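As structure tokens, the structure follows; a few thoughts come after it.
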Amino acid sequence: MKPRFASVALNVPAGSDTYSYKIVDDISDDMLIGRRAVVMLGNRLMEGYIVDITDHADIEEDKIKPVEALLDKEPIFTKAMLELAFWMKEQYLCPLGAALACMLPPGVKARIQKMIVLLNEADVIDNTKSLIINALRDNKGRMALNALKKVVPVKNISSVLAELERDGVIAYEYTVKESVRIKDSYNEAAVSGSISTVRPVQQQLQAITAINKAVDEGEGAFLLHGVTGSGKTEVYLQAIQHAMDIGKDAIVLVPEISLTPQMVALFTARFGSSVAVWHSRLSMGEKYAQWWRIKNGQAQVVVGARSAVFAPVQRLGLIVLDEEQESSYKSDMTPKYDAREVAKRRCDIEAGVLVLGSATPSLETYYAAGKGDMRLLVMPDRINGKPLPHVDIVDMRQEIAYGNKSIFSRKLLKAVAYNLKAGQQSILFMNRRGFSTFVSCRNCGLVMKCPHCDISLVYHSDKGQLQCHYCGYKIAVPKVCPKCKSPYIRYFGAGTQRIEHDVKQIFPHARVVRMDTDTVTKKNAHRDILRLVWRHEVDILVGTQMIAKGLDFPEVTLVGVVAADTALNIPDFRSAEDTFQLVTQVAGRAGRAAKPGMVIVQTYQPEHYSLQAAVKHDYESFYRQEIEIRERLKYPPFSNIVKISLSGKHLPDIIKAAEDMAGELHCYLNNMCYNNDVEILGPSPAPMEKIKDEYRWQIILKVDVHIMDDIKYDIKRMVDRYSCASMDINPYSML
DNA sequence: AGCACGCCGACT
DNA sequence: GTCGGCGTGCTC
Ligand SMILES: [Zn+2]
Ligand SMILES: [Zn+2]
């Protein structure tokens, strides 16, 4: 028999994509490719993934070790998933093994322990050696390496152990365990059966027809641009139904924040037990069970957050990304993939159809649709025929000029008062939690900052604490200034607690409820608040993002955006886009049912184009102005952004590394004559220079889209040489 | 990631 | 002269 070699992908940073190992078992290639295996790398045993079988290896044969063991009964990756992983490692410059590892549920991972076994109790003079032997003897002659390291805390323990092994005093053994034991019985929540479909209206019919045709053909990408309430969900549901009718599976991605029981119910009501739900709050065991349910073909519809894009459906028909503009589709861990791009690529590989849905598409996606990379489907009308709510901008500068120092404009107060009298519900939106976002001493000006982060502490009135929203640091509110002992401390910058407090004071009889991370962390609190609102037991709902994304409050007729500038003032190229999207989304909460809606947006920059466009519900106008700025300043989609972050405990080291690297980059780009194609910003401190006691600096590259592939590998290699540096290709934001 | 190899400061 | 610091680079 001809010798066979396995190309095994290992999750080692800055290593090669695959390593060659000998195949000793008599197993067909098809049962090997895509399979998990255990191999030796250096002197440790690790889990890897076989991605190919060849009859030759490009290194000397005597260096090649055998595959130690095969895991599972069959390959865990399909050829399509392997191809997707190869694409990911090129696109995001991550190890191939890391791309593959992130496709599996956390439970599918071998836990490998190195054990040390005592063979004979040799007399040794060396102190470390006798410590090791004594420790082993005390533990019946067998210890895990990690346990031994704790008992014998010597730095060079592995070289000492190597000597002992050579002298035949000890031997190595390995234990390989699966992280999750396979459980056949998984307690599944009872799901209701199929509910009959809704009769679609004309604009939905057109979209459904186009998507269904593409699903039949196994090819196509769509941007479904529909205003809030235009009935995008019904389009998804009918397209999924069609895919299922022809024996294909569907994946629906929803932003984590919108993946509520109500959202899931939309799908389980229609598709019953064919639905598998996938989100971060599932336990490891639940994830494991769901994953196998999907892989075994017991679920045809997967509803989940970002990582559900890797759901192992057998016959992909359709991937839907709802609210495609959401930043949560971009992963913040290595590999830093963008689920939109992965979904597109996966559809290309597996003959699936991609549907991106949004009321406010990202600039990148709309631009791609304009170029013809995807087909634009527009749904401009609300399904109930009601007009979009009227949006009013209030210039807060004039309020101040008038002598109104409160956080509410006269107009907003009047509208809330009217609504209360009419027995109608209102929403007050504020994108910051806590009471005051900024606390300082009136006498000496000291700003209360987190000792671990370069960020001001937020006053939380309910707990009487100052909190850091980045590391969780908390202290009781100081009675006097820590520096000058002055008792006069001022609180600036309103958060949701302050809104709640003020509104209760102004309208003492109103029933006010606040909904933000602080009030929904308790179990069921989320559901309880929604119930209160739906039963009309609440007059005014105060909240953050959480109430803007996807939740349906049919009775709400007034939405107040208390401070639209918060998002606008963030120093990032996406701030205008974020603001437009946020105001449009919040506005979409108003007047969804019978009564017409009204939106009041408070701002200090009423003339800003993102707000002006949001007022008119005019996406096109916003897009035209924003895309022009992106093109002029060479931001995405007209460039690729490469963000290089350097972080560490010792600031001078970080600055030195950042400057060295910037020098290297300049030099490299000069030599390669890429000066006109790449713009280097920085090095500069990150907008939040210190977080959790780590200093952060960054270098931003704006790279011409045509030369990205020519330079990205070189840049990656440079970055890899600095242990404190990491890079992110096309990060969502530059912060 | 580990771990080894290798070249410069402070110790027996 | 050696011990050990961690910079650089390899692991099939
Ligand atoms: Zn003071
Ligand atoms: Zn902090």
Side-chain angles (χ1 to χ4, degrees), chain A residues 3-25 32-33 35-70 89 93-102 109-116 126-128 132 144-150 152-166 172 174 333-335 646-650 652-654 656-661 664 713-714 716-727:
Chain A
R4 289 187 300 169
F5 300 98
S7 302
V8 180
L10 300 169
N11 195 357
V12 284
S16 76
D17 288 338
T18 59
Y19 295 81
S20 300
Y21 291 88
K22 287 185 191 116
I23 302 284
V24 288
D25 307 78
L32 290 168
I33 295 173
R35 194 139 172 199
R36 285 196 302 150
V38 176
V39 295
M40 277 298 242
L41 181 70
N43 67 344
R44 74 219 144 100
L45 200 66
M46 46 192 317
E47 182 187 41
Y49 312 107
I50 299 176
V51 299
D52 199 11
I53 302 290
T54 55
D55 54 11
H56 68 284
D58 4 313
I59 58 164
E60 304 96 89
E61 246 188 73
D62 56 345
K63 272 183 151 182
I64 301 178
K65 298 174 181 173
V67 171
E68 299 289 335
L70 295 169
K89 76 132 216 260
L93 300 179
C94 64
L96 180 62
L100 287 162
C102 85
K109 189 175 169 52
R111 285 186 319 175
I112 297 174
Q113 253 194 348
K114 192 168 184 170
M115 308 292 295
I116 314 298
D126 182 293
N127 190 37
T128 308
I132 290 169
L145 178 59
N146 286 340
L148 185 65
K149 273 181 178 167
K150 275 186 198 125
V152 187
V154 204
K155 267 202 167 176
N156 63 341
I157 190 159
S158 14
S159 57
V160 179
L161 286 169
E163 272 180 48
L164 287 171
E165 193 211 9
R166 193 198 55 210
Y172 298 124
Y174 297 89
M333 288 176 303
T334 314
L646 302 101
S647 66
K649 303 247 186 272
H650 192 52
D653 291 352
I654 297 307
K656 169 83 164 51
E659 280 165 355
D660 288 354
M661 192 186 299
E664 262 187 82
Y713 304 101
D714 292 329
K716 171 71 175 163
R717 213 169 309 124
M718 257 185 248
V719 172
D720 278 345
R721 290 198 4 262
Y722 293 81
S723 55
C724 62
S726 69
M727 81 189 246

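The analysis underlying the following values was restricted to heavy atoms, covering all of them including side chains, and did not include hydrogens, waters or symmetry mates. Being a predicted model, the structure only gives us computed values, none of them experimental.
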Can you find a pair of side-chain heavy atoms, one from [X] and one from [Y], that are under 4.5 Å apart?
{"X": "A/Y19", "Y": "A/V12", "value": "yes"}
{"X": "A/V152", "Y": "A/T128", "value": "yes"}
{"X": "A/F5", "Y": "A/I23", "value": "no"}

Report task. Indicate the atoms forming the closest heavy-atom contact of A/A110 with A/E47, along with that distance. Result -> N-OE2, 3.1 Å

Query - Residue of the set A/K716, A/R717, A/M718 for which side-chain contact (heavy atoms from CB on, under 4.5 Å) holds with A/D720 - result: A/K716

Query raised in the report: When we call it a touch if two heavy atoms are under 4.0 Å apart, what does A/I59 touch: a base, just sugar-phosphate, or nothing?
Result: base

Distance in Å, [X] [atom1] paired with [Y] [atom2], rounded so as to fall on 0.5 Å steps:
{"X": "A/L10", "Y": "A/L41", "atom1": "CG", "atom2": "CG", "result": "5.5 Å"}
{"X": "A/L32", "Y": "A/I53", "atom1": "CG", "atom2": "CD1", "result": "4.5 Å"}
{"X": "A/K149", "Y": "A/S158", "atom1": "NZ", "atom2": "OG", "result": "6.0 Å"}

Query raised in the report: Does anyone know the first and last nucleotide of DNA chain B in reach of chain A, 5' to 3', at under 4.0 angstrom to a heavy atom?
Result: B/dA1 to B/dC3

Query - Donor-acceptor contact present, side-chain A/K109 to main-chain A/A101, <3.5 Å - result: no

**Report entry** Sidechain-backbone polar pair: A/Y21 side chain, A/M40 backbone, donor-acceptor under 3.5 Å
**Finding:** yes

Requested in this report: Using the heavy-atom set of chain A and a strict 4.0 Å cut-off, write down the first and last nucleotide of DNA chain C that makes it in, 5' to 3'.
Outcome: C/dT11 to C/dC12

Query - Selection: residues 42-57 of chain A, any non-hydrogen atom under 4.0 Å of DNA chain B - result: A/N43, A/R44

